[in-house]
Amino acid sequence: MSKYQSINPYTGETFASFDNPTSQRIEETLALAHALYKKWRHEEPAVRAEQLQKIADSLREHKEEIATLMTKEMGKLIGEAREEVDICAEICDYYAQNGAKLLEPTPLKTDLGKAYYLKQATGVVLACEPWNFPLYQVIRVFAPNYVVGNPIILKHAHNVPSSAALIQKLIHRAGAPEGALLNLYLSYDQIDQVIADPRVQGVALTGSERGGVSVAEAAGKNLKKSTMELGGNDAFIVLDDADSDQLKQVLSDARTYNDGQVCTSSKRIIVTEDKYDEVLTDLKEIFSQLKPGDPLDEQTTIAPMNSQRAADKLQKQVDSAIAAGAKVAYKFPGKGQGAFFAPIILTDIDQNNPIFDQELFGPVAEIYKVKDEDEAIELANNSSYGLGSSVISSNIKRAQAVAAQIETGMTVINGRWITAGELPFGGVKKSGYGRELSELGIMAFVNEHLVIDVSK
Ligand code: NAP
């Protein structure tokens with residue numbers, strides 16, 4: 001049976017399944033994408049930028065269709081699915097409006113002649129993407145590379161194959177030439193073959209460390225450029241001067257948005273002792289008001305997880321944490337349908353606890369009590385990961401100073417994770433390397449081609 005299946009995690013219904021491609025199909029796909037790269041080399045980025053604006057418009061036009069499918073396929077709340085489509089349309093807007101400018105040649109000062117570097121396409125890029133934001137993860141790679149002129153071969157997660165097919169269809173229908181984004185339901189072995197193909201010049205992966213290690217190894221072996229957007233165990237630092245109203249507002253979905261299945265979700269809530277009881281009380285209240293149910297129902301505020309397998313894995317991690325001494329400060333009493341996981345708050349997690357340095361990808365809040373700011377920073381940095389983080393304080397200068405000391409790729413002051421076309425996204429340590437989005441992300445698979453005129 002094919003691994004690529006659309007299974008509604010709320011109802012358990014399997015509503016589509018797809019086979020791995022044949023060798024011939026892979027060859028045809030590579031040939032099509034490569035031919036488009038060659039054609040695009042003769043076209044200005046401004047032409048593609050105009051087309052990208054049409055893709056943004058099409059995403060807005062088909063918002064309900066995309067959002068409903070994402071909700072059915074991986075269980076996210078319908079309101080959050082609509083928000084995801086809006087963000088993706090805005091990312092396309094950003095590159096449609098700024099992409100061509102960002103790709104203009106950069107002059108260089110030198111005594112050796114008149115020098116500048118071009119920013120040119122390099123070729124086909126393979127994008128291996130996760131299920132947690134089925135559209136957003138793809139658009140983060142597709143939109144900048146579309147303006148650059150790098151066609152994308154999409155290998156989406158095995159549990160969102162219908163979303164992958166719809167994304168390809170909508171992009172093509174919006175006027176993108178055939179080959180701009182081609183979806184293949186690749187096996188892991190086929191991924192390695194595609195990476196090894198000389199027509200493929202880069203690979204972008206967003207996902208877990210497991211997937212990252214395997215794909216980065218294949219890219220390294222073949223000397224292909226890669227970007228790795230991996231997991232996180234983000235610190236959410238609450239300083240003693242945090243404003244109570246702001247704190248509560250930020251906490252409201254910091255750990256439950258997308259059912260906690262966000263790489264930059266606030267997984268470790270690190271609180272100075274003065275604020276500890278307040279945070280615990282606030283979080284208990286927030287969690288107790290959650291309403292499980294059908295994610296297509298607007299009244300539901302806590303979705304099922306993306307699959308029963310994910311819920312079972314999370315339960316094992318929580319059980320191991322409790323067995324090692326973690327305390328359950330709160331557990332949601334209700335039972336939800338399907339792959340529902342009851343939100344839970346854990347405290348008293350010491351450094352020997354198996355989950356101390358693990359990512360818990362679901363609605364589990366881990367709360368840590370610390371003496372002061374220094375201890376908070378030390379604990380935040382005591383992690384293999386370094387993706388996002390938050391600092392909550394009413395003194396912005398102080399919060400900025402704390403932010404600068406956290407070994408992480410992103411810090412939000414007085415807010416939870418955030419994303420936009422103009423803001424870079426990415427991490428350090430085992431959270432990966434490279435950046436997506438913004439003026440940095442567009443350069444990921446660009447050839448910075450030096451041209452220098454030394455004629456006398
Ligand atoms: P995953 O298992 O690594 O999957 C991500 C992608 O990689 C999928 O397309 C998957 O295909 C593929 N993959 C997995 N193992 C592979 C292997 N050994 N060889 C080749 N390809 C492989 O990740 P996930 O569990 O679906 O996603 C959740 C993780 O993604 C979390 O750790 C989260 O923090 C991280 N994430 C990071 C970011 C970021 O920007 N840093 C954003 C979102 C999520 P299959 O589905 O076919 O296995």
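Both ligands and their constituent atoms are indexed starting at 1 by order of listing.
For the 3.5 Å distance criterion, the side chains of Q51 and Y146 qualify, holding a donor opposite an acceptor. When only modelled atom types and interatomic distance are considered, E73 and S6 share a side-chain donor-acceptor pair under 3.5 Å. Neither side chain, Y257 nor K76, offers a donor N or O lying under 3.5 Å from an acceptor on the other. With hydrogens and angles left out, the side-chain atoms of N306 and N132 include no donor and acceptor closer than 3.5 Å.
Annotation for ligand 1: atoms under 4.0 Å from non-hydrogen atoms of L387 are 41 (N). Within ligand 1, the atoms closer than 4.0 Å to a non-hydrogen atom of S214 are 17 (C), 18 (N), 19 (N), numbered from 1 in the order shown. Close contacts of ligand 1 with L205, meaning ligand atoms under 4.0 Å from a residue heavy atom, involve 7 (O). Below 4.0 Å from some heavy atom of H156 lie the following atoms of ligand 1, by number and element: 9 (O). Residue G211 approaches ligand 1 through these ligand atoms, each under 4.0 Å from one of its heavy atoms: 3 (O), 14 (C), 15 (N), 16 (C). Near F425, meaning under 4.0 Å from any of its heavy atoms, are these atoms of ligand 1: 39 (C), 40 (O).
Ranking protein heavy atoms by distance to atom 35 (C) of ligand 1, first place goes to G207 O, 3.2 Å. Among protein heavy atoms, atom 34 (O) of ligand 1 sits closest to E359 OE2, 2.6 Å. Annotation: atom 5 (C) of ligand 1 to nearest protein heavy atom, T206 O, 3.4 Å. The protein non-hydrogen atom at the shortest distance from atom 42 (C) of ligand 1 is C263 SG, 2.9 Å. The nearest heavy-atom contact from the protein to atom 6 (C) of ligand 1 is E129 O, 3.6 Å. For atom 27 (O) of ligand 1, the closest heavy atom belonging to the protein is P130 CB, 3.6 Å. In terms of protein heavy-atom proximity, atom 21 (N) of ligand 1 is nearest to I191 CD1, 3.4 Å.
For a threshold of 3.5 Å applied to N or O pairs, the pair formed by W131 and ligand 1 contains at least one separation below that value. Taking distance alone, with nitrogen or oxygen atoms compared against 3.5 Å, R210 approaches ligand 1 more closely than that limit. Between Y188 and ligand 1, a contact under 3.5 Å exists for at least one N or O pair. At least one N or O atom of K3, backbone or side chain, sits closer than 3.5 Å to an N or O atom of ligand 1.
Counting only non-hydrogen atoms, the option in A157, C128, S208 that gets closest to atom 1 (P) of ligand 1 is S208. The option with the heavy atom closest to atom 37 (C) of ligand 1, from among N132, L230, N159, is L230. Considering each of E209, H158, K155, the one bringing a non-hydrogen atom nearest atom 11 (O) of ligand 1 is K155.
The OH atom of Y136 lies 10.5 Å from the CD atom of E129; values are rounded to the nearest 0.5 Å. Atom CD1 in I139 sits 7.5 Å away from atom CD1 in I55 (nearest 0.5 Å).
Heavy atoms of E436 found under 4.0 angstrom from ligand 1: none, in either backbone or side chain. At a 4.0 Å heavy-atom cut-off, ligand 1 touches Q137 through the side chain alone. Residue F361 touches ligand 1 through its side chain alone, judged by heavy-atom distances below 4.0 Å. Within the 4.0 Å heavy-atom criterion, the part of V215 lying near ligand 1 is the side chain and not the backbone.
Using a non-hydrogen distance threshold of 4.0 Å, R140 registers as a contact of ligand 1.
Within the 4.5 Å cutoff, side-chain heavy atoms of F287 are placed close to those of I345. Under the 4.5 Å side-chain criterion, counting only non-hydrogen atoms from C-beta, F445 is not in contact with Q201. Residues L154 and L182 have side chains not in contact (no heavy-atom distance under 4.5 Å, counting atoms from C-beta outward). Annotation: side chain of V271 is not in contact with side chain of Y368 (no heavy-atom distance under 4.5 Å).
More than 12 heavy-atom neighbours from other residues, nucleotides or ligands sit within 6.0 angstrom of NZ on K224.
Proximity of a side-chain donor or acceptor of D259 to a complementary backbone N or O of Q261 within less than 3.5 Å is not detected.
Aromatic rings of F18 and Y185 (six-membered ring for Trp) have centroids within the 6.0 Å cut-off, being under it. For W417 and F425, the ring centers are positioned 6.0 Å apart or more.
Using a 4.0 Å cut-off between charged side-chain N and carboxylate O, K3 and D19 make no salt bridge.
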